[in-house]
Amino acid sequence: MKKILFVASEAVPFIKTGGLADVVGSLPKYFDKEQYDIRVMIPKYLCIKQEWRDKMNYVTHFYMNLAWRSQYVGVLEMEYEGIKFYFIDNEYYFAGPKPYGNIYEDIEKFAFFSKAAISALPSLNFRPDIIHCHDWQTGLVPVFLNDSFQNNPFFQGIKTVMTIHNLKFQGIWDVKTVKDITGLNASYFTPDKLEAYGDANYLKGGIVYADAVTTVSETYAEEIKMPYYGEHLDGLLRARSNSLRGIVNGIDYNEYNPETDKFLAHNYNAVNFRKEKVKNKTALQEELGLTVDPKKMMIGIVSRLTDQKGFDLIAYVMDELCQDEIQIVVLGTGEERYENMFRHFAWKYQGKVSANIFYSEAMSHKIYGSCDAFLMPSLFEPCGLSQLMSLRYGTVPIVRETGGLKDTVQPYNEYESTGTGFSFTNYNAHEMMNTVRYAERIYYDRKREWNKIVDRAMAADFSWDNSAKKYAEMYDWLAG
Ligand code: ADP
Ligand code: GLC
């Protein structure tokens, strides 16, 4: 039996700001329980809903040194859908309305969390063979583990994996402060270790010290070795390329299932979607105050509203696009200029554009389960889960060919009758618009063809089974 501990800053159903939470919360369920004991550790944020907090059980507490500070570490646990979750408690660090806030606070918060995660293990009666770290918030785990913990035989031989969900965020702060926060020796802050371009970099530490490095699609694993996508760490990633691999994300096929989804007005499946799915569209049109018309092509967007997701392309041609026979439904929060852009167009094109500038799981499911197409023209995309959810719900993705979007959406080919979506190559607003318009033509003029695209989209398999096997292979290889 191999023991694996996931350490991460978010996990569904407890706390989620993006796809990271979906992955950390769902992937552990898809391993063979006879062979792999996978547990998950996240912070016990004060902003986790009370109903979850009430179900957590106290395990232990102790005090831990973090440089010159001595800090309280509480550990709670809870079993959820067969997986054991641990929660690290410290109300000084994990208060606040959101998991992340100011970077200078987060830098100390996640140094604390990373060290606490390791320190808690002996008292949990759980010695993992592998600690699997996710994103910069846990980048210091392999570093700390390499440091003073090596004096204790309990920790010797534990292997680490660092998974990069988004290279854009690295946890960067000045060396002096990070030294003071972490208590790590000056020898760690050199360009071959934690230092990068004069600052301390948590993710870099993780990449340097982890035994294996993964990211969330094969294309992104290649892209980040090049300067354009490498976020200044492409050199290091090239140097570590023998230990770097891409494993594409899956989604929880039980959670995201049009046949049983409790958020949908009408459930449907790959056989009856032609008749049933459109009922969700008219229900959503009514709910959002859009013109009720089952025939109108509805395009959905569910996203963090940031540059990463290609919103400057959308902003650039939105007026033009709104001249077409389409409806656009947006759900998202993020940069104010994009929030206001969508509010503006919802006001300008009433009945046609709906701007939902908030976070809602229910609304996200309704959009996946109602729209005809889903737009995701990302500048870069490590994997992307929204397009996988769209495929599952027969909502045809229109994407830019980058990262995981390239690996998961097969472009429609009208001559061969293949493909599960539409895609374009260059980061160019008119190229995007032409692709949307091409999709419109198929939707309106060749409905049978369109429905076949939906058939293929719904038949595509992005459940976790395949990818979980690849992680399992990697664990076997690491832990022998
Ligand atoms: P990222 O992690 O970069 O934000 P992903 O596509 O991997 O992108 O994952 C995004 C996840 O967050 C999906 O589960 C998506 O449905 C969800 N999501 C994004 N914005 C919202 C929102 N405003 N309300 C509800 N869910 C959202
Ligand atoms: C990040 C990426 C996204 C990926 C998610 C889960 O948030 O932006 O592309 O799907 O992590 O791995």
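For ligands, and for the atoms within them, numbers begin at 1 and follow the listed sequence.
- The shortest N or O to N or O distance between L385 and ligand 1 is under 3.5 Å.
- Here K296 pairs with Q285, D293, E325, Q327, Y444 under the side chain to side chain contact (heavy atoms under 4.5 Å, CB included) rule; sequence neighbours left out.
- Ligand 1 has a nitrogen or oxygen under 3.5 angstrom from a nitrogen or oxygen of F358.
- Taking only nitrogen or oxygen atoms, main chain and side chain alike, E361 does not reach within less than 3.5 Å of ligand 1.
- For the pairing with I367, the side chain to side chain contact (heavy atoms under 4.5 Å, CB included) check across N280, L288, L284, I299 returns one residue only, L284.
- None of K168, R304, K309 except one satisfies the salt bridge (charged side-chain N to carboxylate O under 4.0 Å, His left out) rule with E381; the exception is K309.
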Given the rule in the side-chain contact (heavy atoms from CB on, under 4.5 Å) test, do V216 and I247 qualify, once you have shown the distances and angles that lead to the verdict?
CA-CA 5 Å; V216 287; I247 301 177; over 6 Å; no
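- Closest protein heavy atom to atom 18 (N) of ligand 1: V302 CG1, 3.8 Å.
- Residues meeting the side chain to side chain contact (heavy atoms under 4.5 Å, CB included) test with K115, sequence neighbours left out: M64, L66, S119, F144, F149.
- If you check the side chains of R437 and N434, you find no donor sitting under 3.5 Å from an acceptor.
- The shell of residues lying under 4.0 angstrom from ligand 1, judged by heavy atoms, includes M389.
- Summarising the contacts of atom 1 (P) of ligand 1 with K309, K16, E255, the nearest heavy atom is found in K309.
- Nearest to atom 24 (N) of ligand 1 by heavy atom, out of S360, S303, G332, is S360.
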Working note: Y229 + T402, criterion side chain to side chain donor-acceptor pair (under 3.5 Å); need CA distance, chi angles, decisive distance, verdict.
CA-CA 10 Å; Y229 293 101; T402 183; 3.2 Å; yes
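- Using a 4.0 Å cutoff on heavy atoms, G384 counts as a contact of ligand 1.
- Here the protein heavy atom with the shortest distance to atom 11 (C) of ligand 1 is D22 OD2, 3.7 Å.
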Could you pull out every N or O of ligand 2 that sits under 3.5 Å from a protein N or O, with the distance for each pair?
{"from": "ligand 2", "atom 1": "8 (O)", "to": "Q308", "atom 2": "NE2", "distance (Å)": "3.1"}
{"from": "ligand 2", "atom 1": "9 (O)", "to": "E381", "atom 2": "OE2", "distance (Å)": "2.5"}
{"from": "ligand 2", "atom 1": "9 (O)", "to": "C383", "atom 2": "N", "distance (Å)": "3.0"}
{"from": "ligand 2", "atom 1": "9 (O)", "to": "G384", "atom 2": "N", "distance (Å)": "2.9"}
{"from": "ligand 2", "atom 1": "10 (O)", "to": "G384", "atom 2": "N", "distance (Å)": "2.8"}
{"from": "ligand 2", "atom 1": "11 (O)", "to": "H165", "atom 2": "O", "distance (Å)": "3.4"}
{"from": "ligand 2", "atom 1": "12 (O)", "to": "H165", "atom 2": "ND1", "distance (Å)": "2.7"}
{"from": "ligand 2", "atom 1": "12 (O)", "to": "N249", "atom 2": "ND2", "distance (Å)": "2.8"}

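- Contact annotation: for M363 versus ligand 1, there are no heavy atoms closer than 4.0 Å.
- With no hydrogens or angles considered, no side-chain donor-acceptor pair links T420 and Q410 at under 3.5 Å.
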Working note: Y209 + M162, criterion side-chain contact (heavy atoms from CB on, under 4.5 Å); need CA distance, chi angles, decisive distance, verdict.
CA-CA 9 Å; Y209 281 96; M162 184 79 234; over 6 Å; no
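- Of the protein's non-hydrogen atoms, R304 NE, 2.7 Å is the one closest to atom 4 (O) of ligand 1.
- Identified under the ring-ring contact (aromatic ring centres under 6.0 Å, His included) test for residues 360-404, with sequence neighbours left out: Y256-H365, F263-H365, Y368-F374.
- Side-chain polar atoms of E255 and S26 form no donor-acceptor pair below 3.5 angstrom.
- Here atom 15 (C) of ligand 1 lies nearest to Y368 when heavy atoms of Y359, Y256, Y368, F380 are compared.
- Note on ring orientation: taking the six-membered ring where Trp is involved, the planes of F6 and H134 are tilted (angle from 30° to 60°).
- Residues V7 and Q137 have side chains not in contact (no heavy-atom distance under 4.5 Å, counting atoms from C-beta outward).
- Between G19 and ligand 1, an N or O atom pair is found at a separation short of 3.5 Å.
- Counting heavy atoms under 4.0 Å from ligand 1, residue N249 does not touch it at all.
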